[in-house]
Each structure stands twice: as C-alpha cells, then as structure tokens.
2 protein chains.
Amino acid sequence: MAEVRNADTRERILDAAERLFMAYGYDGTSMRQITGEASVNLAAVNYHFGSKEALIREVFRRRLDWLNEERMRVLDRLEAEAGGQPVKPSLIVDAFFGTLLRMADDEARGGMTFLRLLGRTLTEPSEFIRAFLAHEYKAVMDRFKEALFRALPDVPKAEIVWRFHFMLGATSYAIAGTDALRLVTDWQIEEEDSVDRLDRLVPRLMSFLIGGLRAPLPHFDPPGQ
Amino acid sequence: MAEVRNADTRERILDAAERLFMAYGYDGTSMRQITGEASVNLAAVNYHFGSKEALIREVFRRRLDWLNEERMRVLDRLEAEAGGQPVKPSLIVDAFFGTLLRMADDEARGGMTFLRLLGRTLTEPSEFIRAFLAHEYKAVMDRFKEALFRALPDVPKAEIVWRFHFMLGATSYAIAGTDALRLVTDWQIEEEDSVDRLDRLVPRLMSFLIGGLRAPLPHFDPPGQ
DNA sequence: CTATGATTCAAACGAACGTATGAATCATAG
DNA sequence: CTATGATTCATACGTTCGTTTGAATCATAG
C-alpha cells in the first residue's frame, strides 16, 4: 500500500495560501489563485485538506502550534528563574510579543508573511476564523494573563485584560506591514533599509507596549469607580 | 424636471452597507444582502452610486468628512489657546483619538457601527480601500504629526511616526469591538453593562496611549546609531 | 392634463466561485 | 510483473457574484 502523503504538494499549497491570504484576505483569495500559484491541480486542496475553511485552519495551525508552545516554554523558563517571585512585566511582554516578532526572521516558520497574515486576521470579519483563533489561543492567553496578574498585583484585573488587548492591537498593526503604515507616513522610512527596519521595530514596539502597560491608571469621571 | 434625488433610498442603502460591511467585511457582503436589508431594488446601488466600490467609498466619506474636519477644528482651538507654545501631547492625542471615540455616542454620525467598521478596515486586504483611506486621511495626519513634532522636540520624528502608528493599532482594536476581545478574555466584562463600557473605554485607552507615547526611547542593540 | 426626467422594478447577463466526479497516472508491496 | 491504493488531472456541477437592460412607475414643471 502506498501510504506516503506527498508532503511537497501539501506544503506548496500551504505556502501559496499563506502568501495569498496575507495579501488578499480569506474571501478575496480563490481556490484557483491558490492552486495556480502553487502549481498544483485545482482539486488538490479539497483532496488534501477537505475544504477552503479547513485549509486556512491548517495554514494557521502550522505556525501557531510552534509559536504558542515556544511562548509557554519561554514563560516556563522565566518563572523557573524567578523562583516563586513574580516575573517582571517587561519580561512577560517580551515572552509573548517578542517571541512573535522574532518569527519574522525565521523564514522556515513563515517569516514576515505569516506575521502579516496574523496581524490582519485578528480583525478578520469571517466569524469561523476568529472563533478558531480564539480557541487556539485560549491556553496561552490564560497563562500570560495569570502571569501579568501576579506581576501587577496592584492593578485591577480588568485593567490588565484591556491593556493586553491594546497591546495586541498595537502589535497587529505594527506587523500588518508597511501598507497600513501608509496611513501615517508617505516618506519611505528614511535612512533605514528593510533589514534594519525589523531590528529596530522590536525595541520600538517594546518600549511603547511597556509604556502603555505601566501607564498611570485612568480615573472614571462622573458616575462609577 | 424632477431633479430631487430620493435621499431616503440613498441613506437606507448607506446605513445597511455600513452595518453589513462592519459585520462581514467588504468581500463578505453581497449587493443582494445590502439591498435586501435596505428594502430597495437590487439595481438601486448601481443606479445611485455606480458600483460596489463607489458605495463603500461613500460609506466612509459620509462619516470621515465630518470626523476629520472636527479633528482639525479641535486642534485649531487647542493651538489658538496655547498661543504660540506647543500643545500638550495628551491634548493632541485626545483631539485625534478622543474625537473619534466620542463618535460612538453619536448615533446620527454612525455611532458604534461606523467605529467598528473603521477599526476593521484599516487592516482591510482590499488595496483600493486602503488607498482611499490613506488619501482621505492625508491632510489631517500631516497636521497632527506636525503638532506632535512640535510638542515633543526631543523625540526623533521617526519615533513619533511609529508611535502614532502603534496608537492607531491599539485604538482600532479597541473599537473593532468585543468580538476581537474574545481573544483575550472569555468572561463577560464583569459588573459593567455595555453603556458603562464605553464611558470607561475612553479613559482606559487614553491612559494606555499616552503611556506608550511618552515611554522612554528604545536603544538599538548591536549595530546602528 | 401632458410631458419629462428621475427613480424603481423584474429579469437576465456572463463570469467566477467552491466543490465533486471519475478516469488517468504514479509509487510501492507482494 | 501485477495489484493496490495514493495522488493527480481535466472537466463539469450548481450557485452566487456584480452589473446591465428596458420597461414600468413616480413626481414635478409647464
């Protein structure tokens, strides 16, 4: 029995789908674009993955499995080194967002293409995609929220959750790419070539995130508290 | 000659399109959905607007024209009150992002629906939409960047532009709505009802944004500068 | 009332969509 | 070599897409 799955076809489809979903979105990318770019037959996607929905789930799973496990490993190590004490907030933020951003340099794990796809997809309209991501992210989110709760015992938990949310947004934009940056600027990012740009993006974004996370607490004007 | 355009049909189409584009995205919303929800004939969109592309442009123009003019007016007033001195960064940020967020309470100007649409659209894959938004935003962006340059003379301009970008991302996520928040939390936002939620979101987000904007500058590790 | 132009309407267009089918081709086990 | 099951392939299905058409309806000007 010949049971060896042709890994090459599967990978070629996943690579093409990753790139096209990043560029044109889920609804904006057709099966014929994907199979054309991957140089495989139109029926190959349904044969190997079952459907377009199942394909994009696999596109994400292929990268997110490793990413979220790596995030857990880094946080494990930080907590072990802290030996019972809470981990510093900046280290927790770096474990979550820094680990993500450093994927950009790792072409074997999707590199910048996957990062931009992920950045765009968190606001993706398609319900099933957001539901899928929420499910994939649940465990790692809970771990990191808990770590932040312990690291910032004086900050109300609701406030921490909101700031985590804000940090996700800032990061998504940052990695959604230069296209979105066109909203803010029209000059090419001056004196910086694109290799340099990423090296500088990480510390830039980290400063911003930590500054936001550690900002003075808001006070609510008229009614509540 | 009967030259009075039926404003009712146009407005009903725009309202339906705004709501549906918010919920399902541009590619995910069909003309038949829009005209069905608006209770108008299928051909009405092409008759009144020309095409689906022209329709979504009008959806945005209807709201953004006022928003960006209002932002300019607020900044005008702040600069007049400062009388030559630079305006405080927190006031500039509030003029830009606070003015946006306060639209949520103004149902006549789109309210929360338009805000969520805008939040989602800044990462919209469709090239022509981002190009259109960049064009619509150019003037107001330039004004606010200039104001921030003057307010923060010690911060490199490239740094300010990036941080503006990060602030846009955090805000987009915040207004893209509770759906995206599901990534971070699964509990209903506790003790807060949805009316209360918005009143608290604004000071929460503002604290975060100012904290990020005023964070210590990053230093770039190995090579450059 | 009549004429005119704006608007609405039902119906249809060709193109593109995701998916399914059954035969052809391939690699391997026996 | 033959048999088997995995994979590829060309082709087609039924649906939905955005847009167009030409007649019907409406409101107003003269």
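A, B, ... follow the sequence lines: proteins, then strands. Residue 1 opens every chain.
Side-chain contact between Phe149(B) and Val161(B) is present, with at least one heavy-atom pair separated by less than 4.5 Å.
By the 4.0 Å N-to-carboxylate-O rule, Arg57(B) lies too far from Glu136(B) to be salt-bridged with it. Under the 4.0 Å criterion applied to side-chain N and carboxylate O atoms, Arg19(B) and Asp15(B) are not assigned as salt-bridge partners.
Here the two rings, on Phe96(A) and Phe164(A), have centers that are under 6.0 Å apart.
Rounded to whole Å, the distance from CZ on Phe49(B) to C1' on dT7(C) is 14 Å. Rounded to whole Å, atom P of dC26(C) lies 15 Å from atom OH of Tyr47(A). One atom, OH of Tyr24(A), and another, C1' of dA16(C), lie 16 Å apart when rounded to the nearest Å.
His48(B) has a side-chain polar atom (N or O) that falls below the 4.0 Å cut-off from OP1 or OP2 of dT8(C). A sub-4.0 Å separation between OP1 or OP2 of dT8(D) and a side-chain N or O of Thr9(A) is present.
With a cut-off of 3.5 Å on both pairing distances, the Watson-Crick and G-U wobble pairs of DNA chain D assemble into stems of 3 or more at C:1-30 with D:1-30.
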Revision key, fill the gap. Scoring nucleotides 17-25 of chain C by protein non-hydrogen atoms under 4.0 Å (B base, S sugar-phosphate only, - none) yields BBBBB----
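Ring pair Tyr173(B)/His165(A) is tilted by interplanar angle, where 30° to 60° counts as tilted.
Annotation: side chain to side chain contact (heavy atoms under 4.5 Å, CB included) contacts of Ser126(A) (sequence neighbours excluded): Tyr26(A), Asp27(A), Glu124(A), Phe128(A), Ile129(A).
Trp162(B) and Arg204(A) make their closest contact through NE1-NH1, 3.4 Å (heavy atoms, listed as atom of the first residue, atom of the second, distance).
Within 6.0 Å of OH in Tyr24(A) there are 12 or fewer heavy atoms belonging to other residues, nucleotides or ligands.
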